[in-house]
Amino acid sequence: MKKSGILNRHLAGALAELGHGDGVLICDVGMPVPPGPRVVDLAFRAGVPSFAEVLDGLLDELVVEGATAAEETAEANPDAARLLTSRLPGLELVSHERLKALTSSARLVVRTGEARPYANVLLRCGVFF
């Protein structure tokens, strides 16, 4: 059994299959999940695991070359906005409706237990070399 890193076998396997340019949506429990992408639902109860915990865990595992979030996040969820801008320099902001449309191209959706609105981000995978 692994003793460090991501232990959830579904998430670890999904991350290993990602390639350059693939999209990963990290979302709260209220974000509509589009049909098509693989979904790993980590939600255990409201707030567990938090959006911050999942984001930080995935950033430890992935090379990210770009990220997109909803511009409404700054007003609706200032904590999530601060988290995103501190962890993802160059974060692109689009309308929430545009973000929902972009999620249809995600290859993987990771659903957190976050129960506050606008705790969502679409990451674009990079390469490590």
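Note that this is a predicted model, so its numbers are computed, not measured.
- Residues Ala81 and Ala74 share a closest heavy-atom pair of CB-CA, 3.7 Å.
- Of the residues Asn120, Leu108, Leu123, the one that meets the side-chain contact (heavy atoms from CB on, under 4.5 Å) test with Ile26 is Leu123.
- Partners of Asp28 under the salt bridge (Lys or Arg N to Asp or Glu O under 4.0 Å) rule, at least two apart in sequence or in another chain, do not exist in this structure.
- Distance CG/Leu99 to OH/Tyr118: 10.0 Å, rounded to 0.5 Å.
- By the criterion of side-chain heavy atoms lying less than 4.5 angstrom apart, applied directly or through intervening Ile, Leu, Val, Met, Phe, Trp or Tyr residues, Leu59 is grouped together with Leu84 in one hydrophobic cluster.
- Between Leu93 and Ala70 the shortest heavy-atom distance is CD2-O, 4.0 Å.
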Can Leu55 and Val121 be said to form a side-chain contact (heavy atoms from CB on, under 4.5 Å), step by step? CA-CA 9 Å; Leu55 176 64; Val121 65; 4.2 Å; yes
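- Here salt bridge (charged side-chain N to carboxylate O under 4.0 Å, His left out) pairs that include residues 108-129, with residues two or more places apart or in two chains, are Asp41-Arg111, Glu65-Arg124, Asp79-Arg116, Glu114-Arg116.
- Using a cutoff of 4.0 Å between basic side-chain nitrogens and carboxylate oxygens, Arg38 and Glu17 are scored as salt-bridged.
- Rounding to the nearest 0.5 Å gives a distance of 4.5 Å between CG of Leu18 and SG of Cys125.
- Contact detail for Ala80 and Ala119: the closest heavy-atom pair is CB-CA, 4.3 Å.
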Passes side-chain contact (heavy atoms from CB on, under 4.5 Å), Arg87 versus Arg82? Steps please. CA-CA 9 Å; Arg87 304 290 199 283; Arg82 280 190 292 276; over 6 Å; no
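- For the side-chain hydrogen bond (donor to acceptor under 3.5 Å, both in side chains) condition, no pair includes a residue of residues 6-15, sequence neighbours left out.
- Rounding to the nearest 0.5 angstrom, the gap separating the OG1 atom in Thr103 from the CZ atom in Arg98 is 10.5 Å.
- Heavy-atom minimum distance, Ala14 versus Val40: CB-CG2, 4.4 Å.
- With sequence neighbours excluded, no residue forms a side chain to side chain donor-acceptor pair (under 3.5 Å) with Glu75.
- In the hydrophobic clustering of ILVMFWY residues, with side-chain heavy atoms under 4.5 Å counting as a link, Leu15 and Val54 come out together.
- By the side chain to side chain donor-acceptor pair (under 3.5 Å) test, Asn77 pairs with no residue at all, sequence neighbours left out.
- Transitive grouping of hydrophobic side chains (ILVMFWY, heavy atoms separated by less than 4.5 Å) brings Val64 and Leu83 into a common cluster.
- When all heavy atoms of Val109 and Pro37 are compared, the closest pair comes out as CG2-CG, 3.7 Å.
- When the side chain to side chain donor-acceptor pair (under 3.5 Å) test is applied to Ser50, the partners found at least two apart in sequence or on another chain are Glu53.
- Note that CG of Leu42 and OG1 of Thr112 are 8.0 Å apart. Values are rounded to the nearest 0.5 Å.
- Nearest heavy atoms, Ala115 versus Val29: CA-CG2, 4.1 Å.
- Clustering ILVMFWY residues whenever any of their side-chain heavy atoms sit less than 4.5 angstrom apart, transitively, puts Val110 in the very cluster that holds Ile6.
- Considering CG of Leu88 and OG1 of Thr85, their distance stands at 8.5 Å, rounded to 0.5 Å.
- A single hydrophobic cluster is not seen to contain both Leu58 and Val39; linkage of ILVMFWY side chains at heavy-atom distances under 4.5 Å, directly or through other members, places them apart.
- For Asp60 (side chain) and Gly57 (main-chain N/O), no donor-acceptor pair under 3.5 Å exists by modelled atom type.
- Residues His96 and Met31 form a side-chain contact, since some pair of their non-hydrogen atoms from C-beta on lies under 4.5 Å apart.
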